[in-house]
Amino acid sequence: MKHIVKIISLLVAISALWIGLLQTSLISPDYPLMLPVYLVVSLGCYGLLMVGVGLMQFPTCPQESMLLQQDIIEAKTFLRQKGVDIGSN
Amino acid sequence: MDLADRVIGFLLSCISLSIFTYYTFWVIILPFVDSDHFIHKYFLPQGYAILIPVFAGVALLSFLCIFIGFVMLKSKKKKA
């Protein structure tokens, strides 16, 4: 609940800044009209960058996978000794 | 597989950073440069700065819809 209040206040602040820029006509009026498109594009770039970084440092743990495979083999042999049907392999 | 993933991630990061830098230059900095400066040769007119992202967004959205439709069709066929 607190998080959404933060996000909404950020959005309100950004839109107030944008409307202020539109109203003051300090610079040419069609220039601040680009800012929402720019924000959307930069959000997309941020998402793409986060996906790329996440792919680059994807956490793998090969030792844990080896331990897991050993555990699986152990459990299968144990169950087979007890006479449980667990498939062919 | 691991190396390929790493290369793809690096390429994605590079693409996104270059798009961000180019678009920032195009939209934020270029209106403050004189219109007869030589740097204007490397950028399209200002109108394309809206048109291209809108077209890209529409294309992405339609591609996503087509993909979801294909997946739903496939899952329905598997169930039947």
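Each chain gets a letter, A, B and so on, in the order the sequences are listed, and its residues count up from 1.
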Checking side-chain contact (heavy atoms from CB on, under 4.5 Å) for the pair B:Trp26/A:Val41: CA distance, chi angles, key distance, verdict?
CA-CA 12 Å; B:Trp26 194 5; A:Val41 169; over 6 Å; no
Crowded around A:Ile4 CD1? As in, over 12 foreign heavy atoms under 6.0 Å?
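At most 12 heavy atoms, drawn from other residues, nucleotides or ligands, come within 6.0 Å of this atom.
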Do [X] and [Y] share a hydrophobic cluster (ILVMFWY, side-chain heavy atoms under 4.5 Å, transitive)?
| X | Y | result |
| --- | --- | --- |
| A:Leu35 | A:Val37 | yes |
| B:Leu51 | A:Val40 | no |
| A:Leu49 | B:Leu12 | no |
| A:Leu39 | B:Tyr22 | no |

Can you check whether A:Ser42 reaches B:Phe20 side chain to side chain, under 4.5 Å on heavy atoms?
yes
Checking side-chain polar atoms at under 3.5 Å, does B:Thr24 have a donor or acceptor matched by the opposite partner on A:Tyr38?
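A pair is found: one side chain offers a donor N or O, the other an acceptor, under 3.5 Å apart.
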Between B:Ile19 and chain A, with a heavy-atom cut-off of 4.5 Å, which part of the residue counts as in contact: side chain, backbone, both or neither?
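Looking at B:Ile19, backbone and side chain both touch chain A.
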Rounding to 0.5 Å, atoms CE (A:Met56) and CG (B:Leu11) come to a distance of 10.0 Å
Gap between atom OG of B:Ser13 and atom CG of A:Leu55 - 0.5 Å precision
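Nearest 0.5 Å value for the CG-OG distance: 8.5 Å.
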